[in-house]
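Heads up: the structure comes next, in structure tokens.
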Amino acid sequence: MNRTKAFALSALTASMLLAGCGGDINLTPTSIDNSVNEGGGSTPDTNNCASYESSGTTIRGEKIGADCVYPRSFSTPESPVTSDIRLVELPGGAHIFPNGLYIGENVEATADVNREGPTLTIDAGVTLAFEDGDSFVRIARGANIMADGNRNAPITFTSVQEVEGFDIDENARGLWGGIVINGFGISNKCDQNDLANCVLQGEGGAGFYGGDDNADDSGVLRYALVKYAGYEVSLDNELNGITFNAVGSGTTLEYIQVHNNLDDGIEFFGGAANVKNVVLTGNDDDSLDWADGWQGKIQYILVKHADDRANRAIEADGNSGNNDATPYSDPIIANFTSIGSLTATDGSDESEGVLVREGTHGAMYNFLITEARGECLEIDDAATLTAAANGDLSIQNSVIACTENFKDTETQNWFEAGTGNVTLSAGASVLTSGYVTASDMTDASGAPVTVTPKTDLSSIDPFFDDVDFIGAVSEDDDWTNGWTVGLRD
């Protein structure tokens with residue numbers, strides 16, 4: 001039976017049975033325990049859907065075909081899951097959450113948060129599916145996500161429409177909400193003298209976050225794909241593919257892709273989360289966004305814009321209300337590739353490269369920016385220019401090859417003053433196989449170009465690998481192979 005129809009029929013049957021009962025009814029989902037084999041005649045329980053106990057009642061998903069379909073009351077923003085749960089791999093099936101999946105209590109007062117909250121464990125190879133833009137995954141402060149996939153069995157977060165086999169348009173976006181992880185990290189929007197009581201409200205109604213611990217640990221997200229997500233709750237109030245709200249450096253984030261998101265691919269609001277091996281494809285707004293004092297690190301990040309529309313590969317912000325607010329946003333990013341789109345079917349003049357503004361600090365190494373429809377590099381706002389002049393904002397050992405390389409002469413002068421930077425025109429050959437850094441680059445005339453990468457990155461911080469190439473992916477190691485989508489289409 002069709003998965004959606006099966007879920008709808010189950011809900012319809014329940015409503016018909018209750019239709020003749022007067023008064024208010026509080027329907028609590030339960031599961032039938034068929035696991036006891038006393039007497040030798042009972043059938044073993046084959047329901048391996050996630051479950052938890054609440055007031056002596058087992059709350060559990062229903063096994064429908066290969067899928068686990070969860071009632072809307074399994075998890076709501078107001079009534080989240082407060083016990084550990086595990087999602088096992090369902091060969092050929094998915095865990096379907098029509099109402100989203102909310103882990104841990106959304107406590108406003110930071111001092112009252114249970115720092116030993118529940119853990120959501122997701123096994124390798126699991127697919128999670130969600131119904132619409134109102135449904136998303138939220139990991140509250142004090143809770144954890146342990147989503148540890150692998151190259152051969154990545155974890156996929158997607159829309160019910162995809163698992164149902166509907167013909168989804170190649171540029172479909174906004175079919176469900178996305179992932180939000182809330183942490184105890186530091187934000188420059190809080191009183192720095194009272195960080196222990198810091199509390200901020202996440203965009204999209206995604207819960208409270210903030211605190212005094214940039215080393216906070218929210219778990220593991222490894223080999224994870226987020227597809228067709230994003231939702232505009234209201235103007236300038238959106239859900240991203242993955243939102244890291246004050247997430248700390250104790251969190252493990254590796255091999256992550258956000259594909260075709262309605263808003264930003266990933267966004268950091270404060271905190272100090274670190275990431276390695278990121279792919280951001282087809283996202284409608286900015287692919288990588290940071291603000292409010294994010295002080296993390298990223299190595300190996302590949303951005304590829306879609307042809308229909310996109311905004312920036314990077315939008316780097318400090319504090320929009322006070323560009324001099326401290327702590328400054330101050331990340332270190334190495335081995336970044338931005339592949340823009342030279343066409344836009346909606347007629348927009350978007351698909352730009354990197355914008356740094358609002359007083360952000362930071363260090364960028366081994367960048368490769370090419371094929372943008374708009375400018376490839378822009379620096380904006382007085383506080384940002386001051387940071388650049390003082391050496392608090394830098395870009396080194398990088399290549400730009402676009403039709404419009406720079407927004408203005410100030411940006412050009414800043415870039416070309418950086419150690420090892422190379423400016424080329426749009427006709428240069430800098431990529432091979434569509435997204436891999438060419439080992440032998442040439443300019444528009446075909447003449448060889450000498451590019452010197454930053455090779456001793458580990459001397460800056462042991463988080464980084466030492467490399468011998470610029471950009472995200474080298475010809476010697478295509479780490480995107482086998483688990484990503486949208487790169488080879």
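This chain uses plain numbering: 1 for the first residue, then up along the sequence.
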> Just by distance, do the side chain of Ser329 and the backbone of Asp317 share a donor-acceptor pair under 3.5 Å?
Replying inline: yes
>> Does any part of the side chain of Ile122, heavy atoms only, come nearer than 4.5 Å to the side chain of Leu128, both counted from C-beta?
In response: yes
>> Applying side-chain hydrogen bond (donor to acceptor under 3.5 Å, both in side chains) to Thr432 and Glu475, what does each step give before you reach the verdict?
In response: CA-CA 8 Å; Thr432 185; Glu475 292 181 349; 4.6 Å; no
>> So, using side-chain hydrogen bond (donor to acceptor under 3.5 Å, both in side chains) as the criterion, who are the partners of Asn283 when residues are at least two apart?
In response: none
>> Can you confirm whether more than 12 heavy atoms, excluding those of Asp169, are under 6.0 Å from its CG atom?
In response: yes
> Between the main-chain N or O of Thr480 and the side-chain N or O of Asp478, is there a donor-acceptor pair closer than 3.5 Å?
Replying inline: yes
> Quick one: OG on Ser429 to CG on Leu424, what's the gap to the nearest 0.5 Å?
Replying inline: 10.0 Å
> Would a distance-only check, ignoring hydrogens and angles, find a side-chain to backbone donor-acceptor pair under 3.5 Å from Arg141 to Gly210?
Replying inline: yes
> What's the verdict on ring-ring contact (aromatic ring centres under 6.0 Å, His included) for Phe464 and Tyr365, showing C-alpha distance, side-chain angles and the deciding distance?
Replying inline: CA-CA 11 Å; Phe464 293 99; Tyr365 302 96; 7.6 Å; no
> Going by the side chain to side chain donor-acceptor pair (under 3.5 Å) test, which pairs reach into residues 260-275, not counting sequence neighbours?
Replying inline: Asn240-Glu267
> What residues, two or more places apart in sequence or in another chain, satisfy side-chain hydrogen bond (donor to acceptor under 3.5 Å, both in side chains) together with Asn311?
Replying inline: Asp285
> Phe268: what forms a ring pair (Phe, Tyr, Trp, His ring centres under 6.0 Å) with it, not counting sequence neighbours?
Replying inline: Phe244, Trp294
> How far does CD1 of Ile96 sit from SG of Cys68, to the nearest 0.5 angstrom?
Replying inline: 9.0 Å
> Within the side chain of Asp286, is there an N or O that forms a donor-acceptor pair under 3.5 Å with the backbone of Ile314?
Replying inline: no
> Can you tell me if Ser474 and Asp476 form a side-chain donor-acceptor pair at under 3.5 Å?
Replying inline: no
>> Quick test of your reading of the model: are Lys454 and Asp466 salt-bridged, counting only N-O distances below 4.0 Å?
In response: no
> For Leu457 and Thr455, what are the C-alpha separation, side-chain angles and deciding distance, and is it a side chain to side chain contact (heavy atoms under 4.5 Å, CB included)?
Replying inline: CA-CA 6 Å; Leu457 292 167; Thr455 58; over 6 Å; no
>> Return the CD to CZ distance between Glu378 and Phe406, rounded to the nearest 0.5 Å.
In response: 12.5 Å
> Can you tell me if Arg60 uses its side chain to pair, donor with acceptor, with the backbone of Asn47 under 3.5 Å?
Replying inline: yes
> Going through the checks in order, is the side chain to side chain contact (heavy atoms under 4.5 Å, CB included) test met by Phe269 and Lys189?
Replying inline: CA-CA 10 Å; Phe269 291 98; Lys189 285 192 169 181; over 6 Å; no
>> Under a 4.0 Å threshold between the charged nitrogen and the carboxylate oxygen, would Arg373 count as salt-bridged to Glu404?
In response: no
> Judged by atom type as modelled, is there a donor-acceptor pair below 3.5 Å linking the side chain of Ser459 to the main-chain atoms of Asp456?
Replying inline: yes
> To the nearest 0.5 Å, what is the distance between CG (Asp284) and CZ (Arg309)?
Replying inline: 4.5 Å
>> Under the salt bridge (charged side-chain N to carboxylate O under 4.0 Å, His left out) definition, can you give me all pairs with a residue in residues 147-159, not counting sequence neighbours?
In response: Asp148-Arg222
> For Gln412, which residues count as a side-chain hydrogen bond (donor to acceptor under 3.5 Å, both in side chains) partner, sequence neighbours excluded?
Replying inline: Glu416
>> Do Val467 and Asn366 have side chains that approach each other closer than 4.5 Å (heavy atoms only, starting at C-beta)?
In response: yes
> For residues 174-188, which residue pairs qualify under side chain to side chain donor-acceptor pair (under 3.5 Å), counting only residues two or more places apart or in two chains?
Replying inline: Asn182-Asn245, Asn188-Asn319
> Is there side-chain contact between Leu368 and Thr337, with at least one heavy-atom pair below 4.5 Å?
Replying inline: yes
> With sequence neighbours excluded, what pairs up with Glu358 under the side-chain hydrogen bond (donor to acceptor under 3.5 Å, both in side chains) test?
Replying inline: none
> Is there a donor-acceptor pair closer than 3.5 Å between any side-chain N or O of His95 and the backbone N or O of Val88?
Replying inline: yes
>> The test is side-chain hydrogen bond (donor to acceptor under 3.5 Å, both in side chains); show your working for Glu131 and Ser135 and say whether it passes.
In response: CA-CA 6 Å; Glu131 189 172 273; Ser135 60; over 6 Å; no
> Looking at Asp330 and Asp392, what are the two nearest heavy atoms and their distance?
Replying inline: OD1-O, 4.3 Å
> Mind checking whether Thr423 and Val399 have side chains closer than 4.5 Å, heavy atoms only?
Replying inline: no
> Do Ile139 and Asn144 come close enough that some side-chain heavy atom pair is under 4.5 Å?
Replying inline: no
> Donor-acceptor pair, Thr384 side chain versus Asp380 backbone, under 3.5 Å?
Replying inline: yes
>> Show the nearest heavy-atom pair for residues Ser351 and Ser341, with the distance to one decimal.
In response: OG-N, 2.7 Å
>> With ring pair (Phe, Tyr, Trp, His ring centres under 6.0 Å) as the rule and sequence neighbours excluded, what pairs involving residues 420-451 come up?
In response: none
> Looking at Phe463, is Lys276 sitting on its ring face, NZ or CZ under 6.0 Å from the six-membered ring centre and within 45 degrees of the normal?
Replying inline: yes
> Do Lys227 and Glu162 sit within salt-bridge range, that is, some charged N less than 4.0 Å from a carboxylate O?
Replying inline: yes
> Crowded around Glu170 CD? As in, over 12 foreign heavy atoms under 6.0 Å?
Replying inline: no
>> Donor-acceptor pair, distance only, cut-off 3.5 Å: does the side chain of Asp132 make one with the backbone of Asp134?
In response: yes
> Where the side chain of Thr411 meets the backbone of Lys407, is there a donor-acceptor pair that is under 3.5 Å apart?
Replying inline: no
>> Is there a side-chain contact between Arg86 and Asp123 in this structure, where contact means two heavy atoms from C-beta onward sitting under 4.5 Å apart?
In response: yes
> Under 4.5 Å between any side-chain heavy atoms of Met364 and Ser398, yes or no?
Replying inline: no
> Does Tyr223 have any ring pair (Phe, Tyr, Trp, His ring centres under 6.0 Å) partners at least two apart in sequence or in another chain, and if so, which?
Replying inline: Tyr255, Trp483
> Nearest heavy-atom pair of Gly219 and Met146: which atoms, and what distance?
Replying inline: CA-SD, 3.8 Å
>> Restricting to ring pair (Phe, Tyr, Trp, His ring centres under 6.0 Å), what partner residues turn up for Phe469, sequence neighbours left out?
In response: none
> Are Asn99 and Tyr70 linked by a side-chain donor-acceptor pair shorter than 3.5 Å?
Replying inline: no
>> Using the ring pair (Phe, Tyr, Trp, His ring centres under 6.0 Å) criterion, which residues pair with Tyr102? Sequence neighbours excluded.
In response: Phe136
> Is there a side-chain contact between Val226 and Ile256, using heavy atoms and a 4.5 Å cut-off?
Replying inline: no
>> Apply side chain to side chain contact (heavy atoms under 4.5 Å, CB included) to residues Asn335 and Ile301 and explain how you reach the verdict.
In response: CA-CA 7 Å; Asn335 294 98; Ile301 177 167; over 6 Å; no
> What are the two closest heavy atoms between Ile85 and Ala50, and how far apart are they?
Replying inline: CB-CB, 4.4 Å
